[in-house]
There are 2 protein chains.
Amino acid sequence: MRSTSSHEAVPATTPAASLVFTTVLSHGPLTRTEIARRTMLSSAAVTKAVRPLMEVGYLVEDLNDGARSALGRPANPVRVNAGRAFFIGVKVTGDEIIAVLADLCCRIRVARHIRLTHREPEAVLPSMTSLVHELLLEAEGFGVQVRGLGIAVSGDVDRADGVVRYSPFLDWRDVPLAGIAETATGLPVTVDNDVRALTVAEQWFGAGVGLSDFALVTVGAGIGCGLVVHGQVVSGAHGVAGEIGHLSIDPLGPPCHCGNNGCVEAIAADPAILRAVRKVTGRAVTTAAEALELARSGDPGVREIYARAGEAIGRAIGAVVNLLGPERVIISGEGLAAYDLFAEGIRNAFAASAFGTAAECDVMTRPLSFEEWARGAAATAIQSFIGSDTD
Amino acid sequence: MRSTSSHEAVPATTPAASLVFTTVLSHGPLTRTEIARRTMLSSAAVTKAVRPLMEVGYLVEDLNDGARSALGRPANPVRVNAGRAFFIGVKVTGDEIIAVLADLCCRIRVARHIRLTHREPEAVLPSMTSLVHELLLEAEGFGVQVRGLGIAVSGDVDRADGVVRYSPFLDWRDVPLAGIAETATGLPVTVDNDVRALTVAEQWFGAGVGLSDFALVTVGAGIGCGLVVHGQVVSGAHGVAGEIGHLSIDPLGPPCHCGNNGCVEAIAADPAILRAVRKVTGRAVTTAAEALELARSGDPGVREIYARAGEAIGRAIGAVVNLLGPERVIISGEGLAAYDLFAEGIRNAFAASAFGTAAECDVMTRPLSFEEWARGAAATAIQSFIGSDTD
DNA sequence: GGCTGTTCTTTTCCTCTGTCAATGAAAGAA
DNA sequence: TTCTTTCATTGACAGAGGAAAAGAACAGCC
């Protein structure tokens, strides 16, 4: 395990302080009494935890107390000072690096991206480093210090060691990315799987706030799934988890690169849809946008392909819900652009496959800009910075 | 939530004491130094935690130090005094009640069962109560006090409230079982889902000891699955979790009572196998044992049915492993009698569906006597008695 | 048999965290 | 102005766990 403790002081020193800070971070401005209620701490403990955090500027009093309560001394809400620290999040894909500068509340301040021509670590790392340096310069312009760098990579990533064990898209094996990036940038680095990073962002700053069990399903070039169980992101004993894309839905379905037939990814991921659209229409459709346009223009064959894809996704979600019984499933990803075409299939297939009360699970969608992946990486950096674990 | 704290003092008062006790409970006799290492406590803290537990007799010094280590002061291992307290575990099925008297180490001392003719709570509860009283008498014979009663019921059970929300097999709805049983027996009662109870038993006393993530798959009249993630049993936000039986494997497969086609349960559970065997052989096969005999005698059609069932189970396990990445999967249940017929199908289907390093997951079998379900219930009672959470 | 080295266990402070209960602060209401 | 109500802080306190030193129990060695 790498030592990240050699870096600057983290805002939360005691468990209680960490708990208080993450609570305020996720649940917006809160009065001290409210914090005490949520964290199950005494109000005295909250005061003691808040003070040092305010002294170093991570928390500030929220003076905007428009709605005065009826009686008694007015409450003094506290919120996180978003501009107190910045973080950089980087998402590395096979042909692009996306980087964002995010504040302490994980709001994107600046976004940059560059295309990649080569995928070897030796080619990617310098590009990444220069992109990070650009953003460091931007941060300097804001007069805010960057306190951490998060890097999201698809595949089998060991966050504890900061090593990319195997990334199929990048064709990387056992790359000690955190160590390399740390020496190149001088920042504390957190490396994590891309879907898990996105899940962390949802857990702390998105639709997963306050939930101890939820799933995030990403639809796009691949089908991924991030899981939060008992308030913690699931990583899997062997680095693999949430591999919803290779749930085999139909033994007679199209072959998947994993060797099986009818995997969700072989039916509902962008490449699979494009392949099917080409086959049905005979046209050389190469982008998801083109396929989408064909479907929207009313082509029944193409619409059917999307309907099937929606069904596959719905069944996959049903499997997750039956197995884990999460409170909520968040559907996201670039593929969400076609959600109107998926929706019915997802809804019906989910309703059919969800067993008993599991059907009560709230299935929602959440649009995802391409920068969001990098924001997820920033969220992991914030998480490491605070040095705590769960909600 | 019911108040169980009104009962007798639990052995562990502080978090550390609870941690120490569960560690010794699960990991057999341990020296204090070893306990300190495993719990990450200081040796001083271990001494302080162990002393009161020894004074009240829950822990004893294990004098059987046959293998003396080479040098230094000999270590003094500590173990749980199994006979210090007894627990009763009860499993209620549609046509039978199984009850066991178990010691603090969850070893079965006495087992009893009676058949049921009616399933209404009004008919079942008196039978259960009399069975419990029989075992209480047995315990008196041992001169040991019974400190808790665990009841395992299939279906949607809310352990925190002690209410059976819905049990399809028993046709029970919203039965406040814990409260009723508490007044009837005077014991602290824990009610839980049967598969979860079995999972708890494995986690604390079986093949799940020391693992933070594992799955238990039960094969028999139904196909069930208990999950442990991050060291805690998964219960699901809506009471449903581990519903592996209704994972749809084959859209063209046989219809399932849940409304879908090709569910694992519709292929690999006992009733499904019997149905298929009757169809293939034309004979009036009514018990699993008969079907098994036909298969063992070499009937290729019947063997094929078992092979298909094994494949379905293997694919279901693959789904669990891809989703959660557990360290181990334990296959158990009455259906394990046919494991030799399942084995190849399970192995192959699992190997094919497991994605990447998830295939490294250890898949093992574990025979399950019919009393084991009741033992699981006893394990939940022990867990409640200790009043702690995880390993 | 005493001495020494080694390892396990206990004891003795000591720190530090969070709670309790009382006090202070900031309003509106009477 | 004074009272009431609610929020926030303070200071004394209990108790949990850690560090370090002492104690205990053995084997081996002279």
Side-chain angles (χ1 to χ4, degrees), chain A residues 5 9-24 27-55 59-79 386-389, chain B residues 9-24 27-55 59-79 387-389:
Chain A
S5 54
V10 287
T13 51
T14 75
S18 164
L19 189 60
V20 166
F21 190 72
T22 57
T23 304
V24 177
H27 300 272
L30 291 174
T31 69
R32 290 166 174 82
T33 336
E34 189 58 15
I35 296 171
R37 202 185 55 73
R38 286 186 196 256
T39 57
M40 311 273 278
L41 290 168
S42 68
S43 53
V46 173
T47 295
K48 285 175 198 166
V50 166
R51 202 198 342 257
L53 287 169
M54 292 194 50
E55 270 165 12
L59 292 181
V60 290
E61 223 128 54
D62 195 54
L63 298 173
N64 173 25
D65 52 349
R68 300 275 322 101
S69 71
L71 225 59
R73 171 177 172 176
N76 239 352
V78 168
R79 64 173 171 78
I386 294 169
S388 109
D389 31 15
Chain B
V10 287
T13 51
T14 74
S18 166
L19 189 59
V20 166
F21 189 72
T22 56
T23 304
V24 176
H27 299 272
L30 291 173
T31 69
R32 290 167 175 80
T33 341
E34 189 59 13
I35 296 171
R37 202 184 53 74
R38 286 187 196 254
T39 57
M40 313 274 277
L41 291 167
S42 69
S43 52
V46 173
T47 295
K48 284 177 204 166
V50 165
R51 202 199 340 257
L53 287 169
M54 292 195 50
E55 270 165 13
L59 292 182
V60 289
E61 223 128 54
D62 196 54
L63 299 174
N64 172 25
D65 52 349
R68 301 275 324 96
S69 71
L71 227 58
R73 172 177 172 174
N76 237 352
V78 168
R79 64 174 171 78
S388 108
D389 30 16

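A, B, ... follow the sequence lines: proteins, then strands. Residue 1 opens every chain.
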Just compare D:dA24, C:dT10, C:dT19 and give me whichever is closest to any side-chain atom of B:S43. C:dT10
Interface polar pairs with nucleotides 13-17 of chain C, N/O, under 3.5 angstrom:
none

Do the non-hydrogen side-chain atoms of A:I386 and A:S18 ever get within less than 4.5 Å of each other? yes
For A:R32 and A:N76, work out which heavy atoms get closest and say how close. NH1-O, 3.3 Å
Assign each of B:R51 and A:A45 the nucleotide of DNA chain C bearing its closest heavy atom; nearer the 5' end lies the nucleotide of B:R51
In this structure, how many angstroms lie between the P atom of D:dA8 and the CG atom of A:L71, rounded? 15 Å
Over all atoms of both residues, closest heavy-atom pair of A:A17 and A:A49: CA-CB, 3.9 Å
Round to the nearest Å and state the distance from A:M54 atom CE to D:dA8 atom P. 11 Å
Determine whether any donor atom in the side chain of A:R73 lies under 3.5 Å from an acceptor atom in the base of D:dC7, or the reverse, and answer yes or no. yes
Counting heavy atoms from C-beta on, name the nucleotide in C:dC8, D:dG11, C:dT11 closest to the side chain of A:A44. D:dG11
Could you check if a side-chain atom of B:T23 sits within less than 4.5 angstrom of a side-chain atom of B:L30, using non-hydrogen atoms only? yes
State which residues pass side-chain hydrogen bond (donor to acceptor under 3.5 Å, both in side chains) with B:R51; sequence neighbours excluded, sorted by chain then number. none
Looking at DNA chain D, which of residues 32-39 of chain A put a heavy atom within less than 4.0 Å of it? A:R32, A:T33
Beyond-backbone contact of A:V50 with A:V20, side-chain heavy atoms, under 4.5 angstrom: yes
To 10°, what angle do the rotation axes through the five end pairs on each side of the helix from C:dG1-D:dC30 to C:dA30-D:dT1 form? 30°
Pairwise salt bridge (Lys or Arg N to Asp or Glu O under 4.0 Å) hits with a residue in residues 39-49 of chain B, at least two apart: none
Would you check if A:M54 and A:V60 make a side-chain contact, meaning some heavy-atom pair closer than 4.5 Å? no
Anything under 3.5 Å between a donor and an acceptor, one on a side chain of residues 36-44 of chain A, the other on a protein residue two or more places apart or in another chain? List them.
unit_1 : atom_1 : unit_2 : atom_2 : d
A:R37  : NE     : A:E34  : OE1    : 3.4
A:R37  : NH2    : A:E34  : OE2    : 2.7
A:R38  : NH1    : A:H27  : ND1    : 3.3
A:T39  : OG1    : A:I35  : O      : 2.8
A:T39  : OG1    : A:L41  : N      : 3.4
A:S42  : OG     : A:A45  : N      : 3.1

Using a 4.5 Å cut-off on heavy atoms from C-beta on, say whether the side chain of B:V24 contacts that of B:L59. yes
